[in-house]
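Since the model is a prediction, treat every value here as computed from it, not as a measurement. Counting from 1, the numbers follow the sequence of the chain as shown.
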Amino acid sequence: AGHGNLFNESYTAFLERDMKPLFASIGVEFEGRNFAMGGTRSGLEIAMCFEQVFGTEVDFFAWDYGMTDGRKDSLLFHYGYRGALNPGRPAMLGVWTNGWRGRDERLADLEQLGLPTFHRPTKSIDAMNAAFPDSGEMTTAQLDALPDYVRNFKCQGQIEKGDPHCGDDKYSKGICDNRASKAGWHPGIKQHGVDGHMLAMFLSDSLIKALQGLVDHSNQDAESLLKELKAEEDELMERIRNCQFGDQAWKIYDGGRKGDLDSEVPVDLLKLFYKGKSICHTGRFPAITRFMGYLTNTEKVGGIAPYQSEQYDTGIEKSEADRTDANGQMRLVWEFNPKDRQVCEVPLRPDYKDFFYTHHKDGMVKLNFPNEKEKAAYKYIQSEMKGIVILYLNECDWGKCKPGDLKHEDIESGNVKIKINGVDVTKVDNIGSGCLVLKHNGGVHWEPSLNDDYEIAVQVVAPDSYLRISSVVIY
């Protein structure tokens, strides 16, 4: 996400600046989307909301969730497989797999299924860092002779830390120097520059090889060659869609034991989470569904912007929601945090865990999903859906929740009442990683309304309490 840096100093920004002119030279527009979210796992929420977050025309996507996924490599597998189903038919890059065997094995598994995957070998990264000159061993004249992004990158064998100046020069100066999150564990501008340029070199080399492959191809008729390549791609996609997982599917279940699934969560349901058609209504940001006004069903659209200069629908601030009438609607709400939302003339870290909100005082509120813009944007066809409804609640920072912030246990205990198209939610299956499958007395499948949508009605019963929903997913 580039926290601690300006938004245009992330490795995605460096990559985009490098690649735009190169792709433009062959008539192709290149766009780099830094939609990373701090403190967020790759699954299950982001994986299930892949199209709504990243878009439907993705050509290449990255996994850079090493710190948050930890050793749960099944999340990488789920995220990669959901990405593979994107209409853009993308390839995948494991940015920081750190040589962990499980992660590299999952990338290899995905490649066996038909998804083109790449990763950066740890040995290569170590060799590159070793080749940088050590600024801690240089005279002032030698330092002055170094390029800006090399000077004070490594001191006394350490990257972006150490004496005399590597720690001081880790982050850029001159624009909003009081910005938050200049943490020791966050990469600075020079590390982002290294990563961005490295990725640009990889993509440049791949582009040149692809163009050379077209030049050398035995079929030089453009129309028939395109048809031939399209057929190869279609065959590959069918292979991905029809693959068999074996035991890989159930590993996303936090119960961790295959025997638990028969009585608690059917294996077929977990496999649906990989292969099934889904649509997501998410307050998370950044996300294409919010930029384009799909989420809010409005014409308010925009892109990445400095705080207080946004053009898309931001919803309302929590303190305003607490003092105003909800009028029966579950509202999109954001909560002010000075570390997240700082005033600056340029974008800093537009990375917000916004949510759909209701308080005890609101009574029964409703959220209808999908709306008309979502149906059109994501080609929603009700007959393709299984009627599985999933909630993700907004997680508390560092697990420290404020008084009255209700969680999934409160649904079954009666502190929160939920109805879907008038039918009571009576049980919640906690799959893990925040994934809550809603059930009624008759099972897990919910019938749609006559409008082919789902009316989700929520009432907080516990006094002085509230519920924050991060995303709603329907399979």
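- Every residue two or more places apart in sequence or in another chain was checked for a salt bridge (Lys or Arg N to Asp or Glu O under 4.0 Å) with Lys170, and none qualifies.
- Taking both residues in full, the closest heavy atoms of Thr117 and Leu107 are given as OG1-O, 3.4 Å, listed atom of the first, atom of the second, then distance.
- Formation of a donor-acceptor pair under 3.5 Å by the Glu160 side chain with backbone atoms of Gly188 is found in this model.
- For residues 65-102, the set of pairs meeting the disulfide bond (SG atoms under 2.5 Å apart) definition, not counting sequence neighbours, is empty.
- In the displayed structure, Lys400 atom NZ is contacted under 6.0 Å by at most 12 heavy atoms of other residues, nucleotides or ligands.
- Applying the disulfide bond (SG atoms under 2.5 Å apart) definition to pairs two or more places apart or across chains, none involves residues 54-90.
- The 12-atom threshold is not exceeded at CD of Glu29, counting heavy atoms of other residues, nucleotides or ligands nearer than 6.0 Å.
- A parallel orientation is assigned to the rings of Phe35 and Phe54, their planes being inclined by less than 30° (bins at 30° and 60°).
- A salt bridge links Arg41 and Glu395; the closest N-O separation between the charged side-chain nitrogens and carboxylate oxygens is under 4.0 Å.
- Between Glu232 and Arg89, none of the side-chain N atoms (NZ, or NE/NH1/NH2) sits under 4.0 Å from a carboxylate O, so this pair counts as no salt bridge.
- Looking at every heavy atom in both residues, Lys190 comes nearest to Asp148 through CE-O, 3.5 Å.
- Taking the six-membered ring wherever Trp is involved, the centroid distance between the rings of Phe118 and Phe202 falls below 6.0 Å.
- Every residue two or more places apart in sequence or in another chain was checked for a salt bridge (Lys or Arg N to Asp or Glu O under 4.0 Å) with Glu317, and none qualifies.
- A cation-pi arrangement is present between Arg468 and Phe355, with the terminal nitrogen or guanidinium carbon under 6.0 Å from the aromatic centre and inside a 45° cone about the axis.
- The list of disulfide bond (SG atoms under 2.5 Å apart) pairs with a residue in residues 68-148, not counting sequence neighbours, is empty.
- In this structure Phe369 satisfies the ring-ring contact (aromatic ring centres under 6.0 Å, His included) test together with His281, sequence neighbours excluded.
- The distance from the CG atom of Asn8 to the CD1 atom of Ile189 is 8.0 Å, given to the nearest 0.5 Å.
- In this structure, Asp195 pairs ionically with Arg120, as a charged nitrogen and a carboxylate oxygen lie closer than 4.0 Å.
- Applying the disulfide (SG to SG under 2.5 Å) rule to Cys155 yields the partners Cys166; only residues at least two apart in sequence or on another chain are considered.
- Side-chain atoms of Lys277 never come within 3.5 Å of backbone atoms of Glu384 as a donor-acceptor pair (strictly under, hydrogens ignored).
- The two residues Glu345 and Cys176 come nearest to each other via the heavy atoms OE1-SG, 3.5 Å.
- By the side-chain contact (heavy atoms from CB on, under 4.5 Å) test, Lys339 is found to be paired with Ala180, Asn337, residues two or more places apart in sequence or in another chain being considered.
- Around CD of Glu235, the count of heavy atoms belonging to other residues, nucleotides or ligands within 6.0 Å does not exceed 12.
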- Message: Assess the residue pair Arg290 and Asp313 against the criterion (salt bridge (charged side-chain N to carboxylate O under 4.0 Å, His left out)); give the C-alpha distance rounded to whole Å, side-chain angles, the decisive distance to 0.1 Å, and a yes or no.
- Response: CA-CA 7 Å; Arg290 294 197 57 185; Asp313 194 335; over 6 Å; no
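- The aromatic rings of Trp63 and Tyr65 lie tilted to each other, with the angle between the two planes from 30° to 60°.
- Few gaps surround NZ on Lys182; more than 12 heavy atoms of other groups in view lie less than 6.0 Å from it.
- By the ring-ring contact (aromatic ring centres under 6.0 Å, His included) test, Tyr392 is found to be paired with no residue, residues two or more places apart in sequence or in another chain being considered.
- Residue pairs that meet the side-chain hydrogen bond (donor to acceptor under 3.5 Å, both in side chains) test with at least one member in residues 202-214, sequence neighbours left out, are Asp205-Lys209, Gln212-Asp216.
- Pairs passing the disulfide bond (SG atoms under 2.5 Å apart) check and including a residue from residues 39-141, sequence neighbours excluded, read Cys49-Cys280.
- No hydrogens or angles considered: a donor-acceptor pair under 3.5 Å links the side chains of Tyr11 and Asp64.
- Residues forming a ring-ring contact (aromatic ring centres under 6.0 Å, His included) with Tyr294 (at least two apart in sequence, or on another chain): Tyr378.
- Distance alone, capped at 3.5 Å, places no donor-acceptor pair between the Asn152 side chain and the Ser135 backbone.
- Relative orientation of the Tyr352 and Phe285 rings is parallel, given thresholds of 30° and 60° on the angle between their planes.
- Between Gln342 and Asn178 the shortest heavy-atom distance is NE2-O, 3.3 Å.
- Under the 3.5 Å distance criterion, the side-chain polar atoms of Ser471 are left unmatched by any main-chain donor or acceptor of Thr282.
- Around atom CE of Met201, no more than 12 heavy atoms belonging to other residues, nucleotides or ligands sit under 6.0 Å away.
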